[in-house]
J.: 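Mind looking over this structure? Questions follow.
Below, each value reflects all heavy atoms present in this structure, side chains not excepted, and no hydrogens, waters or symmetry copies. The residues of the chain are indexed from 1 along the displayed sequence.
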Amino acid sequence: MSKRGLQVERDVWTTEEFGVSYQGAVGALLADGTVPAPVYFDSASGPGGRSVSQWSVYDGRQGRPRAAVLRAVCSCGWAGPQHRLDWEMIGGDELAEAGDGPAAACERDWDGHTAEVAAQAVPLPEVVTVLLERLEVEIDKLTATSPVAALRAVRALEVLAGRLGYWAARGTRSDHDAGQAAAALGLSEREARRLMARLGGWASHA
């Protein structure tokens, strides 16, 4: 049975600001240091199946590979420190539960990684940060009393973002190449190009 086109399943982490540019997950490594291939599960109710790379499937059971260590991985190519799995302690327990500690450590590592990305991005002036935070609070309060008024406010923000974003995107493209813009925005080059094209009103070739 062909597995072409199957989407590989695993839990991932993202931040609202960085999205898929810095999408994290728990990655498994085998004892020889290699990354195991996704595990394919046949469907019990018909044709097709699932291809899974969730760390907890690498438990060595039913012919599946057994993970030796877990580490955080990111779509940007970054990988965190290794956290070894103690199989003597795990024994016959389910890996999803017994490996929860190392998996949680991986998520903390990725949190630290995205914090570094945010710190390296171009800083916003404090007055802008304060205004954005205040605006969020006020619209949230408005939603509780008059959702339709809050919706009108959000629509006004969309219009404002479109108008300001147009010139900001075009100025960014004029002043920076894609790599520089991506680093300043905390995005991948592909997502930075898409953002500038969407706001600047030109065709994206990303």
J.: Group every Ile, Leu, Val, Met, Phe, Trp and Tyr by side-chain heavy-atom contacts under 4.5 Å, then state whether L135 and V154 land in the same group.
T.: yes

J.: Any side-chain heavy atom of Y40 within less than 4.5 Å of one from V52?
T.: no

J.: Out of curiosity, E107 CD to W13 CH2, how far, rounded to the nearest 0.5 Å?
T.: 5.0 Å

J.: Starting from V73, can I reach V26 by hopping between I/L/V/M/F/W/Y residues whose side chains sit under 4.5 Å apart?
T.: no

J.: Counting only heavy atoms not in R61 (residues, nucleotides, ligands), do more than 12 fall under 6.0 Å from its CZ?
T.: yes

J.: Rounded to the nearest 0.5 Å, how far apart are CD of Q82 and SG of C106?
T.: 10.0 Å

J.: S51 vs E9, test: side chain to side chain contact (heavy atoms under 4.5 Å, CB included). Steps then yes/no.
T.: CA-CA 6 Å; S51 192; E9 297 179 9; over 6 Å; no

J.: What is the minimum heavy-atom distance between A28 and A67, and which atoms define it?
T.: CB-CB, 3.9 Å

J.: Between V127 and L124, is there shared hydrophobic-cluster membership here, with clusters defined by ILVMFWY side-chain heavy atoms closer than 4.5 Å?
T.: yes

J.: Show the nearest heavy-atom pair for residues A105 and H83, with the distance to one decimal.
T.: CB-CE1, 3.6 Å

J.: Going through the checks in order, is the side chain to side chain contact (heavy atoms under 4.5 Å, CB included) test met by W78 and D109?
T.: CA-CA 11 Å; W78 170 89; D109 293 337; 4.2 Å; yes

J.: List the steps and the verdict of side chain to side chain contact (heavy atoms under 4.5 Å, CB included) for C76 and H113.
T.: CA-CA 11 Å; C76 72; H113 167 57; 3.4 Å; yes

J.: Please answer: with hydrophobic residues joined when any side-chain heavy atoms are less than 4.5 Å apart, are L185 and L199 in the same cluster?
T.: yes

J.: Is L70 reachable from V12 through a run of hydrophobic residues whose side-chain heavy atoms are each under 4.5 Å from the next?
T.: no

J.: Taking the six-membered ring of W202 as reference, does the cationic atom of R173 (NZ for Lys, CZ for Arg) lie under 6.0 Å from its centre and within 45° of its axis?
T.: yes

J.: Looking at every non-hydrogen atom in both residues, tell me the closest pair between M196 and T172 and how far apart they are.
T.: SD-CG2, 3.5 Å

J.: Test side chain to side chain contact (heavy atoms under 4.5 Å, CB included) on L29 and Y58 and set out the steps.
T.: CA-CA 9 Å; L29 291 178; Y58 301 110; over 6 Å; no

J.: Can you measure from CZ (R155) to CZ (R152) and round to the nearest 0.5 angstrom?
T.: 11.5 Å

J.: Kindly indicate, with the supporting measurements, whether the criterion salt bridge (charged side-chain N to carboxylate O under 4.0 Å, His left out) is fulfilled by D59 and R64.
T.: CA-CA 7 Å; D59 55 8; R64 294 189 291 268; 3.1 Å; yes

J.: Enter the distance from E191:CD to Y22:OH here, rounded to the nearest 0.5 Å.
T.: 11.0 Å

J.: Checking T14 side chain against G19 main chain: does a donor-acceptor pair fall under 3.5 Å?
T.: no

J.: To the nearest 0.5 Å, what is the distance between OG on S21 and CZ on R194?
T.: 9.5 Å

